[in-house]
Amino acid sequence: MPEINKYAVMGNPVSHSLSPRIHQMFARQCGIALEYSAIKVEEGNFSDAVIQFRKDGGKGLNITVPFKLEAWQLSDLRSPRAQIAGAVNTLKFDGADKIFGDNTDGVGILRDVTANLHKPVMDAKILVIGAGGAVRGIMGPLLEAQPASLHIVNRTAVKARELAAVFSKIGPCTGGGLDETGTGSYDIIINGTAASLYNKVPDLPASIFTAETLVYDMMYSTGPIPFLAWASEHGAGICSDGLGMLVEQAAESFFIWHAVRPDTKPVMQALR
Ligand SMILES: NC(=O)c1ccc[n+]([C@@H]2O[C@H](COP(=O)([O-])OP(=O)(O)OC[C@H]3O[C@@H](n4cnc5c(N)ncnc54)[C@H](OP(=O)(O)O)[C@@H]3O)[C@@H](O)[C@H]2O)c1
């Protein structure tokens, strides 16, 4: 019997991850036999865990918090979008001894916003809140889609300014503190902070929303998301959690590994 190709997501914590279910659904849809597991890795053991997985016949990995930076460092070759992001969420092992690293988070959110939520990014005025690993991954693909402007704000303002300086090579990008959102409203607002995980809402003025604004929180949860509830109370027209981004980034990883693009709609419906 041929050996089944092995894939996994590595992180800590990781037991909550929906990636095994998503990849199994994609595999069934595409008629591909694979095994996909969730592996909890202790901090300090990441590179050993990757090497062991590969020795055991693993073909590819998704990487989640807190190892995306270490995955970047471990990659021998990187896609341009992973290179600038400084973070890797997809590893591919080929027959050769090189490890290829990519970052599919940005493509994931871009597809969800434009194809699933039908909000154009081209010429949009975008506000991104947060300056952590997830935001680093989405900046390049968002700017490549040619928004009118992209402003990043963060609780620690200096981090937003530093990110804006890095990504302004790609497109119009500025950065500042949470109190520097300016006076106008935005077409698209993306919460990429971890605030929702702690039931907190970043301290922002409600003047950033209009009835046409798409408000997107990268977090996904079966319960209410505080930032989206607050935005909706203050007049935001369209609100979305990050489940679509999760499924779309997984589809891009699937494509990198299997050269087949799965249909994400039925998978999103099943998870909802
Ligand atoms: N849907 C998806 O596929 C997907 C993919 C990746 C990540 N995510 C989600 O994205 C979120 C961020 O993840 P990450 O990896 O970027 O985390 P991270 O690297 O730890 O960054 C955390 C960010 O949140 C800010 N923050 C934390 N608590 C805050 C608060 N109470 N008020 C305001 N800002 C606060 C931090 O600001 P400071 O710099 O001031 O500390 C920092 O900018 C998480 O909810 C994660 O689940 C979703």
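Note that the coordinates shown come from a computational prediction; the quantities given were computed from them, not determined experimentally. When a ligand or atom number is given, it counts from 1 through the structure's own listing order.
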[X] heavy atoms, cut-off 4.0 Å: which ligand 1 atoms fall inside?
X    : result
K68  : 6 (C)
A134 : 6 (C), 7 (C), 10 (O), 13 (O), 14 (P), 15 (O), 16 (O)
G130 : 43 (O)

Strictly under 6.0 Å, is that where the ring centroids of W72 and F67 end up?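 Between W72 and F67, the centre distance exceeds or equals 6.0 Å.
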Centroid-centroid under 6.0 Å between Y220 and H16 rings: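 That pair fails the under 6.0 Å test.
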Test of proximity, [X] against ligand 1: N or O pairs below 3.5 Å:
X    : answer
M245 : no
N154 : yes
R155 : yes
K159 : yes
P202 : no

Take E180 and R161 through the test salt bridge (charged side-chain N to carboxylate O under 4.0 Å, His left out) and record every step on the way to the result. CA-CA 11 Å; E180 293 177 272; R161 288 193 229 287; 3.3 Å; yes
Can you figure out which of T193, L204, I225, V135 has its heavy atom closest to atom 45 (O) of ligand 1?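 Looking at heavy atoms only, T193 sits closest to atom 45 (O) of ligand 1.
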Out of G192, S196, G132, S19, who gets a non-hydrogen atom closest to atom 12 (C) of ligand 1?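 The option holding the nearest heavy atom is G192.
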T174 vs S149 side-chain heavy atoms within contact, under 4.5 Å: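 No, too far: nothing below the 4.5 Å cut-off.
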Within the 4.5 Å heavy-atom criterion, are V9 and P20 side-chain neighbours or not?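 In contact.
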Identity and distance of the protein heavy atom lying nearest [atom]:
atom                    : result
atom 1 (N) of ligand 1  : M218 O, 2.9 Å
atom 32 (N) of ligand 1 : A195 CB, 3.8 Å
atom 20 (O) of ligand 1 : A194 CB, 4.8 Å
atom 19 (O) of ligand 1 : G133 N, 3.0 Å

Is atom 17 (O) of ligand 1 less than 4.0 angstrom from at least one protein heavy atom?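 No.
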Indicate whether atom 37 (O) of ligand 1 is within a distance of less than 4.0 angstrom of some protein heavy atom.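 Yes; the ligand atom in question has protein heavy-atom contact below 4.0 Å.
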Please work out whether the ring planes of H23 and F26 are parallel, tilted or perpendicular, with thresholds of 30° and 60°.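 Correct class here is perpendicular.
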Kindly assign one of parallel, tilted or perpendicular to the pair W257 and Y36, based on the angle between their ring planes and the thresholds 30° and 60°.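 Taking Y36 first and then W257, their aromatic rings sit tilted (interplane angle of 30° to 60°).
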Carboxylate-amine/guanidinium contact E252 R261, below 4.0 Å: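 Yes, charged N to carboxylate O under 4.0 Å.
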Using 4.0 Å as the upper bound for N to carboxylate O, is an ion pair formed by R272 and D241?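 The answer is yes: the pair qualifies as a salt bridge.
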Just let me know how T156 lines up against ligand 1, side chain, backbone, both or neither, with a heavy-atom cut-off below 4.0 Å.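 The answer is both.
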V65, portion touching ligand 1 at heavy-atom distance under 4.0 Å: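 Side chain only.
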Modelled atom types, side-chain donor and acceptor of T90 and D102, under 3.5 Å: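 No, D102 and T90 have no side-chain donor paired with an acceptor closer than 3.5 Å.
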Whether A131 lies under 4.0 Å from ligand 1, heavy atom: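 It does, in that a heavy atom of A131 comes within the 4.0 Å cut-off of ligand 1.
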Report the C-alpha separation of K68 and D105 in whole Å, then their side-chain angles, then the decisive distance to 0.1 Å, and conclude whether the salt bridge (charged side-chain N to carboxylate O under 4.0 Å, His left out) test is met. CA-CA 11 Å; K68 289 185 186 179; D105 282 339; 2.9 Å; yes
Rounded distance (nearest 0.5 Å) linking atom CG of L69 with atom CD1 of I63: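 Rounded to the nearest 0.5 Å, the CG-CD1 separation comes out at 12.0 Å.
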